[in-house]
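What follows is a single structure, written as structure tokens, with notes after it.
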Amino acid sequence: MDTGILVRQLEAPTEAEITRLADLFDQYRAHNGEAIQAGRSASWLRHNLRNGRLTAFIAEMQGELIGFAVTMDVPASLRLGHYWQIRDLFVAPSRRRLGAARGLLDGIRSSATAVGALRLAVQTEVDNASALRLYEQSGFTPVKGYRALAAPLVPDERT
């Protein structure tokens, strides 16, 4: 079934692509309770995409940017290889359930496989049932024997 959704990796993002992505990235941040600060998302994306720390994939429908995913390549020291971690995945609320998220995951899987990544990893909130269902239907399984921990290095002004 052709959904009319085009998924592609931003190879060398132009300023126009970063600006478009930043607009949707701001929606994602607001959706997750973050305050929007003019220009900060574009600056952050520009820095991390252009220095190669992150890679972005976008989903478009009829020229409209409707979703994105951001990944990073992570060394896998024990296996002497690397894996890809999906850091963020978002589809505009008005464009959900059209296949964009699944298309983004398929595009990421294809690109990661092409460069020899050992696996894909993703994390989400335990109460994000729709994301968990999508990931499980896409072949992701819970990692047994591990617990996520974090050590804040700067105060979180949100708390």
Side-chain angles (χ1 to χ4, degrees), residues 7 9-13 15 17-59 65-96 100-109 111-113 115-159:
V7 171
Q9 180 178 338
L10 295 181
E11 298 285 343
E15 194 58 34
E17 288 172 324
I18 289 172
T19 298
R20 286 180 68 213
L21 178 56
D23 289 342
L24 192 57
F25 196 80
D26 277 337
Q27 289 179 44
Y28 163 70
R29 293 185 69 247
H31 178 78
N32 285 287
E34 296 296 327
I36 302 305
Q37 298 170 337
R40 284 204 60 206
S41 288
S43 176
W44 186 87
L45 286 164
R46 183 180 303 106
H47 173 75
N48 285 290
L49 293 172
R50 289 192 175 158
N51 74 14
R53 185 175 293 158
L54 297 175
T55 300
F57 291 78
I58 60 170
L65 182 59
I66 64 168
F68 73 88
V70 176
T71 65
M72 64 185 298
D73 191 344
V74 181
S77 55
L78 295 178
R79 300 233 357 237
L80 300 177
H82 66 104
Y83 70 94
W84 279 21
Q85 183 177 27
I86 301 169
R87 299 293 307 149
D88 306 288
L89 191 149
F90 179 74
V91 175
S94 65
R95 299 296 190 211
R96 291 185 179 158
R102 192 171 307 280
L104 286 162
L105 289 175
D106 290 346
I108 291 166
R109 182 184 305 271
S111 292
T113 300
V115 297
L118 299 171
R119 69 179 179 272
L120 291 176
V122 66
Q123 65 186 39
T124 193
E125 293 78 11
V126 296
D127 62 350
N128 192 343
S130 60
L132 289 167
R133 187 171 40 258
L134 169 70
Y135 295 137
E136 289 171 0
Q137 289 173 350
S138 297
F140 290 82
T141 58
V143 179
K144 294 182 184 350
Y146 288 93
R147 172 175 275 171
L149 304 169
L153 300 176
V154 296
D156 187 347
E157 294 83 26
R158 298 173 297 172
T159 58

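One is the number of the first residue; the rest follow in order along the sequence.
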Practice problem: Check the angle between the aromatic planes of Phe140 and Tyr135 and answer parallel, tilted or perpendicular using the 30° and 60° thresholds. | Solution: perpendicular

Exercise. Measure the CD-CD distance between Gln85 and Gln123 for me, rounded to the nearest 0.5 Å.
Key: 5.5 Å

Practice problem: Measure the CD1-CG distance between Ile36 and Asp26 for me, rounded to the nearest 0.5 Å. | Solution: 4.0 Å

Quiz item: Taking all atoms of both residues into account, what is the closest heavy-atom pair of Leu118 and Gly81, and its distance?
Solution: CD1-CA, 4.0 Å

Exercise. Could you pull out the closest heavy-atom pair between Ile18 and Ala42, with the gap in Å?
Key: CG2-O, 3.7 Å

Quiz item: Could you state the interatomic distance from CZ (Phe25) to CH2 (Trp44), rounded to the nearest 0.5 Å?
Solution: 4.5 Å

Quiz item: Which atom names give the shortest non-hydrogen contact between Leu65 and Arg20, and what distance separates them?
Solution: N-NH2, 3.1 Å

Quiz item: Looking at Pro75 and Tyr83, what are the two nearest heavy atoms and their distance?
Solution: O-CE2, 4.0 Å

Quiz item: Does any non-hydrogen side-chain atom of Met72 lie less than 4.5 Å from one of Asn48?
Solution: no

Quiz item: Do Thr55 and Asp73 have side-chain heavy atoms sitting under 4.5 Å apart?
Solution: no

Quiz item: Looking at residues at least two apart in the chain, or sitting in another chain, which of them share a salt bridge (charged side-chain N to carboxylate O under 4.0 Å, His left out) with Arg119?
Solution: none

Self-check item: Distance-minimising heavy-atom pair for Ala101 and Val91
Solution: N-CG2, 3.8 Å

Quiz item: Would you say Arg29's side chain and Ala35's backbone share a donor-acceptor pair under 3.5 angstrom?
Solution: yes

Quiz prompt | Rounded distance [0.5 Å steps], CZ in Phe57 versus OG in Ser111 | solution = 4.0 Å

Quiz prompt | Sidechain-backbone polar pair: Ser138 side chain, Leu134 backbone, donor-acceptor under 3.5 Å | solution = yes

Quiz item: Rounded to the nearest 0.5 Å, how far apart are CG of Leu89 and CD1 of Ile108?
Solution: 6.0 Å

Practice problem: Give me the one residue out of Leu105, Leu104, Thr124, Val70 that meets side chain to side chain contact (heavy atoms under 4.5 Å, CB included) with Ile86. | Solution: Leu105

Exercise. For the pair Phe90 and His31, name the ring-plane relationship: parallel under 30°, tilted 30 to 60°, perpendicular over 60°.
Key: tilted

Quiz item: Where do Leu49 and Glu17 land on the side-chain contact (heavy atoms from CB on, under 4.5 Å) test, with the steps shown first?
Solution: CA-CA 11 Å; Leu49 293 172; Glu17 288 172 324; over 6 Å; no

Quiz item: Which pair of heavy atoms, one from Ala59 and one from Ala100, lies closest together, and at what distance?
Solution: CB-CB, 4.1 Å

Quiz item: To the nearest 0.5 Å, how far apart are CG in Leu54 and CG in Leu10?
Solution: 12.0 Å

Quiz item: Is there a donor-acceptor pair under 3.5 Å between the side chain of Arg46 and the backbone N or O of Glu15?
Solution: no

Quiz item: Are any of the side-chain heavy atoms of Asp106 and Val7 separated by less than 4.5 Å?
Solution: no

Quiz item: Are the side chains of Arg133 and Ser130 in touch, meaning some heavy atoms are under 4.5 Å apart?
Solution: yes

